[in-house]
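Note that the numbering runs from 1 along the sequence shown for the chain. From a predicted model like this one, the values you see are computed outputs, not experimental measurements.
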Amino acid sequence: MQEQRKTFHQELDAIRDDIVRLAALVTEFIPRGTEVLLNNDLRGAQQLIEDDDILDELAVDIEDRCYHILALQQPMASDLRSIVTAIRLASELERSGDLMVNVAKGARRIYGAQFDPKLRGLIERMSEEAQRLFRLAIDAYVEHNAGLAAALDDMDDQLDALHKDYIQAIFESHHTGSIDLEAAVQLALIGRYYERIGDHAVNIGTRVQYMVTGWLPEHGGAARAKARAAARQAMGSDDAARVDGDGP
């Protein structure tokens with residue numbers, strides 16, 4: 001029994017290590033995709049798109065192993081939360097990789113477009129901020145740091161602010177004729193991809209909080225919904241009692 005438990009925790013450690021490896025690959029995708037975009041690098045764009053298969057394979061493998069453990073080991077308490085979190089993180093990470101693939105595809109669609117210094121600077125800053133958020137999210141996961149995980153939501157405000165400035169810069173560049181309408185639309189979509197990566201980092205933080213504490217923001221909403229339902233039921237019972245009291 002003790003040997004079986006040892007093997008179980010070795011499997012958990014291996015899954016955690018692969019989550020970190022998947023996160024490292026996704027984090028590398030962010031500056032790669034940015035470089036492809038800013039340098040009009042068609043070959044680099046194609047390579048990034050093809051490399052996404054590696055991320056997909058690893059994410060699927062992690063999920064399969066998690067389901068295998070759930071079926072055979074039936075973990076409880078914190079071990080169960082760790083497995084559920086790994087499943088969710090694999091999905092968040094895989095989708096984040098897909099977003100950088102979308103950046104590469106967008107770069108191909110506007111191949112040859114020239115960006116003014118302001119746009120280039122904002123793209124670079126969004127890329128750096130998205131990368132920073134991702135690293136912090138994975139640090140929180142590895143360290144079981146619920147405080148850092150909770151802080152990611154506020155940290156994401158910086159990326160949101162950069163995204164707003166970036167959209168304004170696109171309007172300005174199109175107004176001055178620096179970029180045409182097609183490029184402006186594609187660049188707006190690309191900015192959204194960076195912003196969404198920040199959202200995924202926040203989602204990772206939320207799942208880390210659950211792994212460490214067993215709490216999710218949805219739990220607060222569920223408790224409020226139950227309280228409102230109980231209050232309505234109580235009011236209905238009071239009304240019924242008054243009606244019965246007024247009867248003959």
Side-chain angles (χ1 to χ4, degrees), residues 19-34 36-37 48-49 52 55-56 58-59 62-63 81 84-107 119 121-170 185-213 215-222:
I19 286 287
V20 173
R21 184 158 68 94
L22 178 58
L25 292 171
V26 174
T27 305
E28 291 173 4
F29 262 38
I30 299 173
R32 280 181 60 189
T34 303
V36 161
L37 172 65
L48 189 148
I49 292 167
D52 184 53
L55 272 64
D56 292 343
L58 183 54
I62 290 170
E63 289 192 18
R81 294 201 303 270
V84 172
T85 297
I87 293 171
R88 293 296 295 266
L89 261 59
S91 177
E92 297 286 350
L93 293 167
E94 188 272 331
R95 290 175 183 174
S96 298
D98 287 345
L99 288 169
M100 289 314 300
V101 168
N102 290 343
V103 170
K105 290 178 178 179
L119 267 180
L122 285 167
I123 290 171
E124 289 171 348
R125 290 174 63 192
M126 286 192 300
S127 174
E128 291 167 359
E129 189 63 21
Q131 194 174 10
R132 183 179 79 93
L133 287 169
F134 239 80
R135 284 174 173 162
L136 289 172
I138 298 307
D139 285 346
Y141 172 68
V142 172
E143 299 167 6
H144 285 221
N145 190 333
L148 175 57
L152 288 166
D153 193 15
D154 289 335
M155 293 181 189
D156 186 45
D157 290 346
Q158 176 66 23
L159 182 53
D160 292 340
L162 286 171
H163 180 245
K164 290 179 182 178
D165 292 343
Y166 170 75
I167 295 298
Q168 182 60 40
I170 291 174
V185 171
Q186 287 298 324
L187 286 172
L189 290 173
I190 286 170
R192 176 61 174 159
Y193 301 146
Y194 284 109
E195 193 267 340
R196 284 293 299 143
I197 288 174
D199 290 343
H200 282 298
V202 173
N203 291 345
I204 290 171
T206 299
R207 301 311 304 189
V208 170
Q209 289 182 76
Y210 167 73
M211 180 182 71
V212 176
T213 68
W215 179 86
L216 282 171
E218 291 84 351
H219 290 164

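- Using a 4.5 Å cut-off on side-chain heavy atoms (C-beta onward), Gln186 and Leu189 make contact.
- Here the CD1 atom belonging to Ile170 is positioned 11.5 Å from the CG atom belonging to Asp165, to the nearest 0.5 angstrom.
- In this structure, Leu37 CG and Lys105 NZ are separated by 15.5 Å, a value rounded to the nearest 0.5 Å.
- Side-chain contact between Leu162 and Tyr194: absent, with no pair of heavy atoms (C-beta onward) separated by less than 4.5 Å.
- A donor-acceptor pair under 3.5 Å links the side-chain atoms of Thr206 to the main chain of Val202, judged by distance alone.
- Using a cut-off of 4.0 Å between Lys/Arg side-chain N and Asp/Glu carboxylate O, Arg132 and Glu129 are scored as salt-bridged.
- Gly97 approaches Val26 most closely through the heavy-atom pair N-CG1, 4.0 Å.
- Other residues, nucleotides and ligands contribute only 12 or fewer heavy atoms inside 6.0 Å of the CZ atom of Arg88.
- When all heavy atoms of Ala107 and Ile190 are compared, the pair lying nearest together is N-CD1, 4.3 Å.
- Other residues, nucleotides and ligands contribute only 12 or fewer heavy atoms inside 6.0 Å of the CZ atom of Arg125.
- Expressed to the nearest 0.5 Å, how far CE of Met211 lies from NE2 of His144 amounts to 3.5 Å.
- Inter-residue side-chain proximity for Asp156 and Leu133 is flagged as met; some heavy-atom pair is nearer than 4.5 Å.
- Using a 4.0 Å cut-off between a side-chain N of Lys or Arg and a carboxylate O of Asp or Glu, Asp98 and Arg95 do not qualify as a salt bridge.
- With contacts defined as side-chain heavy-atom distances shorter than 4.5 Å, the pair Ile204/Phe134 qualifies.
- Taken to the nearest 0.5 Å, the CD atom of Glu128 stands 12.0 Å off from the CD1 atom of Ile123.
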